[in-house]
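Take a look at the structure below.
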Amino acid sequence: MELPASVAITEVGPRDGLQSAGDAISTASKIQLVDALARTGLRRIEVTSFVHPKLVPSMADAEQVMGGITRMPGVTYTALVPNARGAERAVQAGADELNVVVSTTETFNHRNLNMRVTESAEAYRSIAAIARAAGTRATIGLSVCFGCPYEGVVPLERLLHVLELLVEAGAEEIALADTIGVANPRQVQEIVRAVQQHWPQLELGLHFHDTRGLGMANVLAGLEAGVARFDASVGGIGACPFAPGATGNVCTEDAVHMLELMGVQTDINLDALTACGALVQQLVGHEVPSRMVRAGSVHGLLARLSDRAAQAPLTPW
C-alpha cells in the first residue's frame with residue numbers, strides 16, 4: 001500500500017512525557033527542552049497542560065512555562081485543557097492551540113475528568129468557543145480508544161458512538177490514543193478504516209504508547225491506513241497518571257528515524273532531535289527508551305562503516 005509522502009509529528013514530551021515526573025523537573029528545564037525542540041524543525045509542540053495542580057502537580061507551572069519559552073516562527077505551541085477553566089487559563093497564557101482531553105469509556109472519563117462522556121462533549125463546545133474567540137482552535141485527544149484499564153476491551157461501536165458525539169459537537173481533528181499500550185497493528189488498521197468510512201472529512205491522528213513493544217508497529221499500521229499525523233514524545237518518556245501501569249509514548253526520534261528510512265518526509269532534523277532525547281535523559285536522571293540516543297541512526301552507522309572500509313587495506317581472496 002502507498003504510504004503518505006509526508007507526516008506531521010506533534011511533540012508531546014514536555015506535557016505527556018513529563019507529567020508524571022512530579023516536581024523533579026524545574027520550570028527552567030522545561031523551558032529549555034521546549035526551546036530545543038522548537039529548533040529541530042518540529043511544527044507542533046504540546047508544551048504543558050492547564051489542569052488543577054492537585055491532580056497533576058508537575059503541571060502546576062503551566063503559566064510560567066508557556067510565558068517563558070522563546071517563540072519560534074512556524075511552530076504551534078499547544079496546551080492540553082480538560083475544561084473551560086483550563087481553556088481560559090491557556091488562552092490567557094498565550095497557547096496557540098488547545099488540545100481537549102476526552103475519554104472513550106465512562107469509567108476512565110470519570111476518573112480522569114470527573115465528568116460523563118456526554119458532559120465532556122458539551123464541554124468541548126464551550127472550549128471550542130473560547131478558542132475561536134481567541135483566534136485559534138481546539139483539537140481533541142481521545143483516550144483509551146484501544147482498551148481501558150477499568151473496562152477492558154472497548155467495542156468499536158462504543159468508540160464510534162463517542163466520535164459521533166464529538167463530531168456533532170464540532171470537532172474537526174481527533175487523535176485516537178492507545179493510552180495503556182494495548183493496541184495491535186491489525187486493530188489499528190480496522191479502527192482507522194472504520195473511522196475514515198464514517199467521517200472521511202475528519203482530521204485523524206494517532207497517539208501510541210510503547211508499553212508492550214508494539215508502538216512502532218502500530219505507527220506503521222496507521223501509515224498504511226493513510227494516517228499522516230502522529231503524536232510522539234522525545235526520548236520515549238511519558239505515562240498517563242490515571243492509567244495504572246502505563247509507560248512511555250512512542251519515541252519521537254525513533255519514529256522520525258523509521259520514517260526517514262522509509263522515504264516519508266518529516267522536515268525534522270534527526271540529529272538535533274536526538275540531542276533533545278539526550279537532554280531529556282539528563283533532565284530525568286535515568287536512561288530513556290530512545291534507541292537513537294543509545295545506538296544512533298542507521299545512516300550514521302553505515303557511513304562510519306563505509307569510511308572504515310575505505311581506509312582499510314584490501315585483502316586478497
Worksheet item: Please walk me through it: do Y150 and T105 pass side-chain contact (heavy atoms from CB on, under 4.5 Å)?
Response: CA-CA 9 Å; Y150 306 109; T105 66; 5.8 Å; no
Discussion item. Side chain to side chain donor-acceptor pair (under 3.5 Å), that's the test. Do D178 and H207 meet it? Break it down for me.
Written reply: CA-CA 6 Å; D178 180 24; H207 176 115; over 6 Å; no
Practice prompt. Please test R125 against E122 for salt bridge (Lys or Arg N to Asp or Glu O under 4.0 Å), starting from the C-alpha separation and ending with a verdict.
Written response: CA-CA 5 Å; R125 293 182 190 270; E122 287 304 310; 3.2 Å; yes
Fill in: Test side-chain contact (heavy atoms from CB on, under 4.5 Å) applied to L80 and T48, step by step
CA-CA 6 Å; L80 183 142; T48 187; over 6 Å; no
Fill in: Verdict with supporting geometry, Q189 and E224, side chain to side chain donor-acceptor pair (under 3.5 Å)
CA-CA 8 Å; Q189 293 200 340; E224 291 177 339; 3.1 Å; yes
Practice prompt. Take E97 and N99, measure what side chain to side chain donor-acceptor pair (under 3.5 Å) needs, and give me the verdict at the end.
Written response: CA-CA 7 Å; E97 186 177 76; N99 182 30; over 6 Å; no
Worksheet item: So L202 and E173, side-chain contact (heavy atoms from CB on, under 4.5 Å) or not? Walk me through it.
Response: CA-CA 6 Å; L202 184 65; E173 179 178 341; 5.9 Å; no
Worksheet entry | Candidate pair I237 and N249, rule side-chain contact (heavy atoms from CB on, under 4.5 Å), full reasoning | CA-CA 6 Å; I237 59 171; N249 297 261; over 6 Å; no
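Closest heavy-atom contact between L159 and V154: N-CG1, 4.5 Å. Taking every heavy atom of both residues into account, A177 and F146 meet most closely at O-CD1, 3.7 Å. Nearest heavy atom pair, residue N109 against residue S120, reads ND2-OG, 2.9 Å. Counting all heavy atoms, side chain and backbone alike, S58 lies closest to L18 at OG-O, 3.6 Å. Closest approach of A121 to A169, counting heavy atoms only: O-CB, 3.7 Å. Taking each heavy atom of T40 and A36 in turn, the nearest pair found is CG2-O, 3.4 Å.
Put simply, the side chain of D210 gets close to the backbone of G215: a donor and an acceptor are under 3.5 Å apart. When atom types are taken as modelled, the side chain of T274 and the backbone of L270 share a donor-acceptor pair closer than 3.5 angstrom. Although no hydrogens or angles enter the test, the distance criterion places no donor-acceptor pair under 3.5 Å between the side chain of R44 and the main chain of I9. A donor-acceptor pair under 3.5 Å is absent between the side-chain atoms of D35 and the main chain of I69, judged by distance alone. Judged purely by atom type and a 3.5 angstrom limit, D61 has no side-chain atom pairing as donor or acceptor with the backbone of V65. At distances below 3.5 Å, not a single donor-acceptor pair connects side-chain atoms of R137 with backbone N or O atoms of L98. Of the possible donor and acceptor atoms, one in the side chain of E119 sits under 3.5 Å from a partner among the backbone N and O of R116. Looking at Y124, its side chain never comes within 3.5 Å of a backbone N or O of N83 through a donor-acceptor pair. Checked by atom type and distance alone, the side chain of N218 pairs as donor or acceptor with a backbone atom of A183 at under 3.5 Å. With hydrogens and angles disregarded, a donor-acceptor distance shorter than 3.5 Å links the side chain of R294 to the backbone of P289.
Using a 4.5 Å heavy-atom cutoff, the side chains of E46 and E11 are not in contact. The shortest distance between side-chain heavy atoms of S290 and E253 falls below 4.5 Å. Counting heavy atoms from C-beta on, the side chains of T78 and D96 never come closer than 4.5 Å. In this structure, the side chains of E63 and R89 come closer than 4.5 Å at one or more pairs of heavy atoms. Residues L273 and L42 form a side-chain contact, since some pair of their non-hydrogen atoms from C-beta on lies under 4.5 Å apart. H209 has its side chain within reach of D16: a pair of non-hydrogen atoms, C-beta onward, lies under 4.5 Å apart. Within the 4.5 Å cutoff, no side-chain heavy atoms of R15 are placed close to those of V47. Counting only heavy atoms from C-beta outward, the side chains of T10 and I45 never approach each other to under 4.5 Å.
Rounding to the nearest 0.5 angstrom, the gap separating the CG atom in L206 from the CG atom in L204 is 5.5 Å. The distance from the CZ atom of F50 to the CE atom of M66 is 4.5 Å, given to the nearest 0.5 Å. Of the inter-residue distances, the one linking S103 atom OG with E151 atom CD reads 10.0 Å to the nearest 0.5 angstrom. Distance OG1/T104 to CG/L163: 7.0 Å, rounded to 0.5 Å. Rounded to the nearest 0.5 angstrom, M59 CE and Q19 CD are separated by 6.5 Å. Put simply, CG on L223 and CZ on F230 are 4.0 Å apart, with the number rounded to the nearest 0.5 Å.
At a threshold of 4.5 Å between side-chain heavy atoms, the hydrophobic network of Ile, Leu, Val, Met, Phe, Trp and Tyr places L142 and V188 in one connected group. Residues V117 and I174 fall within the same hydrophobic cluster, defined by Ile, Leu, Val, Met, Phe, Trp and Tyr side chains chained together at heavy-atom separations under 4.5 Å. There is a path of hydrophobic side-chain contacts, each under 4.5 Å, that joins V250 to M262. Residues L279 and V234 share a single hydrophobic cluster, defined by chaining ILVMFWY side chains whose heavy atoms lie under 4.5 Å apart. When the side chains of ILVMFWY residues are joined at heavy-atom separations under 4.5 Å, either directly or via intervening members, V100 and L176 end up in a single hydrophobic cluster.
Salt-bridge formation is not detected for the pair R111/E106: no Lys NZ or Arg NE/NH1/NH2 atom is positioned less than 4.0 Å from an Asp or Glu carboxylate oxygen.
For Q201, the CD atom counts as densely surrounded, since its 6.0 Å shell holds more than 12 non-hydrogen atoms of other residues, nucleotides or ligands.
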